[in-house]
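Heavy-atom basis, side chains included; hydrogens, waters and symmetry copies ignored. Order of appearance sets the numbers: ligands from 1, and atoms from 1 within every ligand. Start at 1 with the first residue, then count along the sequence.
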Amino acid sequence: MSFFKPFALERFFAKHEFSAKYLLCSSDCESIPVRELLAMEEGSTDRLLELRLGYTETRGAPSLRTAIAAHYAGLSPEGVFVHSGAEEAILNLCMALLEKGDRVVVNAPCYQSLSEIPRSLGCELVPWHFRETAGQGGKPRWFLDPDELPGLAGSGGTKLIILNAPHNPTGALPTRDEFEAIVAHARRAGAVLFVDEVYRRLERDQEARLPSVCEAYENGVALDVLSKHSGLAGLRIGWLASKRADILDAVAVIKDYNSICASAPSELIAEIAVRNLEAIAARNRGIVARNLALLEGFFERRSGFARWTPPVAGSVAFPHLSDGSDSETLAERLVAETGVLLLPGKYYDYDSSYFRIGFGRKNMPEALSRLEEWLGQ
Ligand SMILES: Cc1ncc(COP(=O)(O)O)c(C=O)c1O
């Protein structure tokens with residue numbers, strides 16, 4: 001028997017991602033060619049061509065860690081630990097921190113590794129459920145109630161609280177007050193708060209951007225990656241950021257048993273991207289904003305087909321089929337007949353009438369048109 005259950009979402013993507021013409025459910029934003037990245041800084045093409053392809057430092061090249069640390073208030077480069085994608089960082093952190101029997105609170109639904117890795121390590125998983133609510137002034141929102149946290153985490157005994165904000169797949173984001181309440185509850189429970197921040201910088205309203213948990217909480221560990229806001233998933237460069245040196249030291253022990261270090265060319269290119277992060281993310285926010293305007297029109301016109309709670313941040317949303325039918329049946333028919341791919345909610349262990357839609361790609365308008373044509377009058 002395998003240690004992990006198969007990663008349902010990754011298996012679904014493996015089946016369709018490289019054959020479907022229109023990925024209307026991707027979570028990563030539009031990518032950039034290497035040439036364009038190298039053009040952002042003088043001399044970088046020569047640096048890449050002259051790079052020697054030896055091992056790199058386990059925690060990441062010092063210059064890359066310095067560039068990353070500059071994005072966090074009060075964090076030194078020692079507080080940054082580079083990984084091969086966010087995925088490796090989640091695995092390493094959980095293996096470093098968790099033991100059989102530990103209680104772990106995790107938001108639900110969630111990106112599967114955030115719950116499956118603690119589960120497979122023998123932890124007691126306590127789900128913290130999102131609810132779709134009317135919200136303030138009747139404006140619907142996906143809501144994760146901070147005040148449920150004390151009941152879920154108890155007082156002492158919870159090792160880790162896992163929050164993904166902005167959230168995949170709902171596009172939810174706590175308000176600043178809610179985030180502060182979450183931090184206060186984590187502090188009271190004596191728990192480490194791990195925030196998967198891979199969709200940060202993609203807030204619809206820039207004022208809504210939360211501080212990173214590594215800035216807001218002394219026992220906070222933040223996760224980020226260049227895959228989503230920067231569209232650079234192929235680099236496989238992500239990182240943990242935290243002021244807890246002991247946690248990062250424990251992660252180093254685990255890292256020696258998997259990737260050992262990141263890829264040297266990826267680190268070099270990532271450094272350019274990190275120094276230009278705000279510009280790259282701003283470009284992707286532009287694509288997202290344009291696509292969201294189209295989606296708003298679509299959901300208004302097509303309420304008989306599907307309804308959504310508009311996302312607050314990120315590059316995905318989680319609508320549901322209005323007739324409550326199974327979104328997998330729809331997704332399989334749709335991709336076979338039009339090449340448009342949607343992601344059924346069942347891959348989040350959620351009500352199967354829900355599905356994920358993604359809007360970070362330039363060809364989203366075309367994908368949406370194909371879907372609308374297929375739906376007919
Ligand atoms: C919430 C969340 N965390 C982590 C990851 C993993 O990111 P990466 O594929 O860059 O390792 C993803 C990817 O979809 C994600 O949505």
Can you name the atoms of ligand 1, numbered from 1 with element, that are less than 4.0 Å from a heavy atom of [X]?
X: Gly85; result: 11 (O)
X: Ser227; result: 8 (P), 10 (O)
X: Ala86; result: 4 (C), 6 (C), 7 (O), 8 (P), 10 (O), 11 (O)
X: Asn168; result: 15 (C), 16 (O)
X: Tyr199; result: 1 (C), 14 (O), 15 (C), 16 (O)
X: Val225; result: 10 (O)
X: Asn164; result: 1 (C)

Counting heavy atoms only, which of Val198, Leu235, Asp196 comes nearest to atom 3 (N) of ligand 1? Asp196
Nearest heavy atom to atom 9 (O) of ligand 1, choosing from His83, Glu87, Arg236, belongs to Arg236
Can you spot which of Lys243, Arg244, Arg187 makes a side-chain hydrogen bond (donor to acceptor under 3.5 Å, both in side chains) with Glu218? Arg187
Are the side chains of Lys255 and Ile260 in touch, meaning some heavy atoms are under 4.5 Å apart? no
Does Ser27 reach ligand 1, in the sense of a heavy atom lying below 4.0 Å from it? yes
4.0 Å heavy-atom contact, Lys228 with ligand 1: yes
Considering only NZ, NE, NH1 and NH2 on the basic side and carboxylate oxygens on the acidic side, decide whether [X] and [Y] come within less than 4.0 Å.
X: Asp145; Y: Arg131; result: yes
X: Arg65; Y: Glu271; result: no
X: Arg236; Y: Glu88; result: no
X: Arg59; Y: Asp249; result: yes

What is the closest protein heavy atom to atom 12 (C) of ligand 1, and at what distance does it sit?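 For atom 12 (C) of ligand 1, the nearest protein heavy atom comes out as Tyr111 CZ, 3.4 Å.
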Take Arg361 and Asn291 through the side chain to side chain donor-acceptor pair (under 3.5 Å) test and state the conclusion after the steps. CA-CA 8 Å; Arg361 300 282 182 93; Asn291 289 342; over 6 Å; no
Determine, step by step, whether Tyr199 and Asn164 satisfy the side chain to side chain donor-acceptor pair (under 3.5 Å) criterion, reporting the C-alpha distance in whole Å, the side-chain angles of both residues, the deciding distance to 0.1 Å, and the verdict. CA-CA 9 Å; Tyr199 297 96; Asn164 170 212; over 6 Å; no
